[in-house]
Trainee: 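The structure is given below, and queries will be raised subsequently.
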Amino acid sequence: LPVLQQALELAAVTGDANLKARARFFEARLAAMAGNLTVAYEGFARARDLAHEAGDGELEARATGSMGVVLDNSGRHLEGLPLIEHHLADARRRGDRNSEMIAACNLGLLFRHLGRSDDARTSMELHLRIARELGELQSEAVACGNLAIMEADQGRLEPACDLYERNIV
């Protein structure tokens, strides 16, 4: 993308390490959205390293969590778990509720993939609680949808339908 390329060029000219880290992070997100998980993982790892060099702990933790999500989406759930847990712990330490919400969502999905229903539910409910606190309607809908899938997976159709309905309203 031209804008991404311009950001990388500007970072190179100015020597702005934080801009370079953020550009690499978004480049990795684009690769993940395109389904190129190997490129995404490598990009998030590079963004993490650049963020560390730039002293941007928040971006470093986000990139680390994103590496965990890529591993989870690649079926490497146990390898992704400590990376997403790191993102959650860092967000809590910094008092960053938005990052905590994102990490809780990602952790809930990973636990669901591992078949750890109680842990998945706890993380998904945390995601929902924070989304409501922050007034993040889109995240609230995502959390309700994820919880509905969990309920349906466990054969509890009435709560699943209720959550699903809240997700689309």
Trainee: Side chains of M67 and H87: does their closest heavy-atom pair fall under 4.5 Å?
Mentor: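 Side-chain contact under 4.5 Å: no.
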
Trainee: What verdict does the side chain to side chain contact (heavy atoms under 4.5 Å, CB included) test give for R132 and L128, after you've listed the backbone C-alpha separation in whole Å, the side-chain angles of each residue and the deciding distance to 0.1 Å?
Mentor: CA-CA 6 Å; R132 287 179 173 159; L128 178 59; 3.7 Å; yes

Trainee: Nearest 0.5 Å, what's the CG-CG distance between L88 and L83?
Mentor: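 Result: 13.0 Å between the selected atoms.
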
Trainee: Do V142 and L137 sit in the same hydrophobic cluster, where Ile, Leu, Val, Met, Phe, Trp and Tyr count as joined when their side-chain heavy atoms come under 4.5 Å apart?
Mentor: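 No: no chain of side-chain contacts under 4.5 Å links V142 to L137.
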
Trainee: Around atom NE2 of H86, are there more than 12 heavy atoms of other residues, nucleotides or ligands at under 6.0 Å?
Mentor: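 Check passes, neighbour count above 12.
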
Trainee: How close do A120 and G108 get, counting heavy atoms only, and between which atoms?
Mentor: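 Nearest pair, atom of A120 first, then G108: CB-O, 3.4 Å.
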
Trainee: Got a sec, which pairs hit side chain to side chain donor-acceptor pair (under 3.5 Å) with one end in residues 67-76, sequence neighbours left out?
Mentor: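 Pairs touching residues 67-76 that pass the test: D72-H77, D72-H113, R76-E79.
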
Trainee: Honestly curious: do L71 and F111 fall in one hydrophobic cluster under the side-chain, below-4.5 Å linking rule?
Mentor: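 No, L71 and F111 fall in different hydrophobic clusters.
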
Trainee: Compare every heavy atom of E151 with every heavy atom of R121, then report the nearest pair and how far apart it is.
Mentor: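 Shortest heavy-atom separation between R121 and E151 comes out as NH1-OE2, 2.8 Å.
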
Trainee: Could you list the donor-acceptor pairs under 3.5 angstrom formed by side chains in residues 23-46, with sequence neighbours left out?
Mentor:
from : atom 1 : to  : atom 2 : distance (Å)
R24  : NH1    : E27 : OE1    : 2.6
N36  : OD1    : V39 : N      : 3.4

Trainee: Which residue, R129, E140, E136, forms the side chain to side chain contact (heavy atoms under 4.5 Å, CB included) with M101?
Mentor: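 So the option named by the test is E136.
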
Trainee: Say whether I130 and M124 are linked into one hydrophobic cluster, either directly or through other cluster members, by side-chain heavy-atom distances under 4.5 angstrom.
Mentor: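 Different hydrophobic clusters.
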
Trainee: List the atom of L19, the atom of D16, and the distance in Å for their closest heavy-atom pair.
Mentor: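 The answer is N-OD1, 3.0 Å.
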
Trainee: Would a hydrophobic clustering, with Ile, Leu, Val, Met, Phe, Trp and Tyr connected at side-chain separations under 4.5 Å, put L109 with I102?
Mentor: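 No; I102 is not reachable from L109 via cluster members.
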
Trainee: I need the minimum non-hydrogen distance between I84 and A103, along with the two atoms involved.
Mentor: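 Closest approach of I84 to A103: CG2-O, 3.7 Å.
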
Trainee: Start with the C-alpha gap between I149 and R112, add the side-chain angles, then the distance that decides, and say whether side chain to side chain contact (heavy atoms under 4.5 Å, CB included) holds.
Mentor: CA-CA 10 Å; I149 291 167; R112 181 175 167 266; 3.1 Å; yes

Trainee: Could you go step by step and tell me if L126 and E100 meet the side chain to side chain contact (heavy atoms under 4.5 Å, CB included) rule?
Mentor: CA-CA 9 Å; L126 174 61; E100 183 179 359; 4.1 Å; yes

Trainee: Can you get from L107 to L114 by hopping between Ile, Leu, Val, Met, Phe, Trp and Tyr side chains that sit under 4.5 Å apart?
Mentor: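 Same hydrophobic cluster.
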
Trainee: Let me see the working for R62 and E58 under salt bridge (charged side-chain N to carboxylate O under 4.0 Å, His left out), right down to the final yes or no.
Mentor: CA-CA 6 Å; R62 281 180 61 200; E58 184 268 335; 3.7 Å; yes

Trainee: Would you mind checking if E85 and R92 are paired as a salt bridge, meaning a charged N to carboxylate O distance below 4.0 Å?
Mentor: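 No, no charged N to carboxylate O under 4.0 Å.
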
Trainee: Begin from the C-alpha positions of E60 and D90 and carry the test side chain to side chain contact (heavy atoms under 4.5 Å, CB included) through to its verdict.
Mentor: CA-CA 10 Å; E60 182 180 353; D90 180 81; over 6 Å; no

